[in-house]
Amino acid sequence: MVEDVTKNVAGVAALDDEQRYQAAVSKDPRFDGVFFIAVTSTGIYCRPSCPAITPKRQNMRFYRSAAAAQDGGFRACKRCRPDASPGSPEWNIRADMVGRAMRLIADGIVDRHGVEGLADRLGYEQRQVRRLVTAELGAGPLAIARAQRAQTARILTETTALPLSEIAFAAGFASIRQFNATMHEVFAMTPTQLRRVGPGGRTQKPPGTPRSRGGCPPRRTPLGLRLAYRAPIDLDRMFGFLAARAIPGVESAEGDRYFRTIQLPNGTGIASLGPFLRPRDPGYLDCELELEDLRDLTAAVQRCRRLLDLDADPEAVTGNLSADPVLGPLARAHPGRRSPGHVDGNELALRAVLGQQVSVAAARRLGARLVAAYGKPLSRPDGPLTHCFPSVETLAAADPAELPMPRARGRALTGLAAALASGELSLDPGAERDRASSLLLALPGIGPWTAAYIRMRALSDPDAFLPGDVGVLAALRRLGAVPGGNGAPDGSGGPHGSGVAGRARASRETAVLAESWRPWRSYAVHHLWASLEPAFVTDLAEKGQP
């Protein structure tokens, strides 16, 4: 029964209580974050995979969100820590108002601007937002934000030596009293008790010593976090993908870790991401964050999660694609493949324009020159990380003739920056994907390939597709799925001959082939790209994706 409902996210969201109970009996970690189990006899709520003995069926209640369980009077289990489970994959695939609202709440919009700010971003009345979110999740936007705020406070309490008063306001609480009451209600422990006892009930170690990197002076101790995900995960390929596109000054890769700067709502930050080395804690990645303003912790964590696609359900993706005669062998060989997103939709969009019709290496060089000329310097550089990527306001005011690129592309870049800076175009987590695509295509110099690439990575759309992409066509030719020839995105010859007609014919045939890959076409693209690596990156990328 459980297997039948994991074939797609819509099926998981439509579970009935009996199916949820079967998932709980099987301790299936795929459902962590999708729903929560509250136990009336103990007053706690858990993940479906909690290792504790399964309660009696009549004592179990099921909730769609941790906030709803907390509103029901239940506190988080100290053993499985349900408040720290992966996010539901439902919110990435859904494009309706509730899906957009959940992505914005996760990014901290309610903490920064209240429900009024959330409603403004969504284009709905506050009452309607509250009604729809509560109907779906069993809790309103304020309760969901409160649950997230409690988790942020727990992270800061357990991983830093900050005074608890500073943690209260950094996490978004209005007062110390509210902070203390919420922590005791949610975790059945006071902040002081949480500080003495670390994650999983272990005695908390004192904060580490400041680190140094790249010959720079020692820095303050970063915040250490564990980012949960649903196994499996193809981390080597994902970090390789990011490292190959890393812009000097903004990003770097060392060994099995990826570093980058982030522009956040209240300041800048530096993120360091890598594998979690403790064998007894599978299903986590290691994340270290250095933030100018601790109020940005929630946003920074969520943006790192989107970058690495950590809320995906790989078994649902693989279950769909593995049945396809073309993609099946690739999907079965790499069931943990992810579709990397980005920490900043605006930055990704601008970088997509930089990479039009040039190699990956050339796009990196252009990006480095742009960062050196227009980027925001860090107040405290960290080794090779010296700048944040230029803001849309800065590039909107730039003279296209002075940009380090062809004049036409410079005009496309400044035009895109102007649309983003004015608010005419939004690429934040709650953006309407179809509307954003239409607005992008209306801008000079933005073609279908660029718009689809932005949709896939900036908006984390799991079903974006690039039918005219040179990598997609090359991989499909290698697999014998399309005739031979040459092709490239936004301007090069197609597999049925050069010119507009050939490219259009190739795109149409590839798009028809990809219909059976819905709603996971973004993952299909990454499977196809990866099938050509490393040869594609080094030899065939002269007209590749940025």
Side-chain angles (χ1 to χ4, degrees), residues 9 33 84-95 99-112 121 144 148 151-152 225-230 233-235 237-239 241-242 245-246 250-251 258-265 269-274 284-289 291 296-314 317 336-352 388-389 420 426-433 436 452-464 519-520 522-523 525-526:
V9 170
S85 62
S88 173
E90 179 182 2
W91 308 127
N92 271 347
I93 192 172
R94 283 180 57 167
R100 293 166 56 212
M102 290 300 292
R103 293 193 288 271
L104 284 170
I105 294 170
D107 196 59
I109 188 71
V110 173
D111 287 337
R112 296 193 297 271
R121 292 289 186 93
I144 295 169
Q148 185 169 268
Q151 171 61 7
T152 299
L225 303 90
R226 302 185 310 169
L227 303 183
Y229 65 87
R230 294 175 183 83
I233 188 168
D234 188 355
L235 196 59
R237 192 268 168 178
M238 184 158 53
F239 277 4
F241 178 87
L242 297 174
R245 291 153 181 81
V250 174
E251 303 164 279
Y258 168 76
F259 305 83
R260 71 153 295 135
T261 61
I262 314 177
Q263 183 65 55
L264 295 160
I270 294 175
S272 168
L273 301 163
Y284 294 94
L285 295 183
D286 181 63
C287 174
E288 292 185 353
L289 294 171
L291 306 174
D296 286 326
L297 177 60
T298 296
V301 167
Q302 290 301 321
R303 293 177 193 195
C304 289
R305 295 191 66 83
R306 286 202 301 275
L307 172 69
L308 302 181
D309 193 25
L310 296 186
D311 290 329
D313 182 351
V317 177
R337 184 134 294 152
R338 303 294 168 119
S339 177
H342 208 271
V343 298
D344 188 322
N346 292 350
E347 177 186 325
L348 186 281
L350 296 168
R351 290 174 63 163
C388 282
F389 195 83
L420 292 166
S426 172
L427 298 176
D428 66 20
E432 281 190 81
R433 291 164 176 162
Y453 185 77
I454 292 171
R455 181 167 179 153
M456 179 173 69
R457 293 201 59 201
L459 300 181
S460 299
D461 187 349
D463 197 38
W520 309 115
S522 294
Y523 296 86
V525 169
H526 278 280

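Side-chain contact check for R94 versus M102: every heavy-atom pair is 4.5 Å or farther apart. Considering only heavy atoms from C-beta on, I109 stays 4.5 Å or farther from D428 through its side chain. Put simply, the side chain of L307 reaches to within 4.5 Å of the side chain of Y258, judged on heavy atoms. Residues R338 and P314 have side chains in contact (heavy-atom distance under 4.5 Å, counting atoms from C-beta outward). Under the 4.5 Å side-chain criterion, counting only non-hydrogen atoms from C-beta, D344 is not in contact with F389. Between L310 and I233 the shortest side-chain heavy-atom distance falls below 4.5 Å. Between R305 and P86, some side-chain heavy-atom pair lies under the 4.5 Å cut-off. In this structure the side chain of N92 reaches within 4.5 angstrom of the side chain of D309, judged on heavy atoms.
Remark: L104 CG to R121 CZ distance equals 6.5 Å, nearest 0.5 Å. For the atom pair CG of D111 and CG of L297, the computed distance is 11.0 Å after rounding to the nearest 0.5 Å. Once rounded to the nearest 0.5 Å, the distance linking CG of L225 with CG of L285 reads 11.5 Å. Rounding to the nearest 0.5 angstrom, the gap separating the CG atom in D107 from the CZ atom in R112 is 5.0 Å. Atoms CD and CG, on Q263 and N346 in that order, are 11.0 Å from each other to the nearest 0.5 Å. Once rounded to the nearest 0.5 Å, the distance linking NE2 of H342 with CD1 of I454 reads 11.5 Å.
When all heavy atoms are compared, the tightest approach of C388 to T261 is CA-OG1, 3.6 Å. Across all non-hydrogen atoms, the minimal contact from A95 to R103 is CA-NH2, 4.4 Å. The two residues V343 and R303 have their closest heavy-atom pair at O-CD, 3.3 Å. Of all heavy-atom pairs spanning S88 and G33, the tightest one is CB-O, 3.4 Å. The two atoms that bring R455 and D461 nearest to each other are NE-OD2, 2.5 Å, heavy atoms only. Listed here is the closest heavy atom pair of L459 and A436: CD1-CB, 3.9 Å.
Within the 3.5 Å criterion, the main-chain N or O of I105 finds a donor-acceptor partner in the side chain of Q148. With hydrogens and angles ignored, the 3.5 Å screen pairs a side-chain donor or acceptor of R230 with a backbone N or O of D311. Although no hydrogens or angles enter the test, the distance criterion places a donor-acceptor pair under 3.5 Å between the side chain of R457 and the main chain of G341. Between the side chain of S426 and the backbone N or O of A431, no donor-acceptor pair lies under 3.5 Å.
Y523 meets the ring pair (Phe, Tyr, Trp, His ring centres under 6.0 Å) test with W520; sequence neighbours excluded. For R337, the salt bridge (Lys or Arg N to Asp or Glu O under 4.0 Å) partners two or more places apart in sequence, or in a different chain, are D234.
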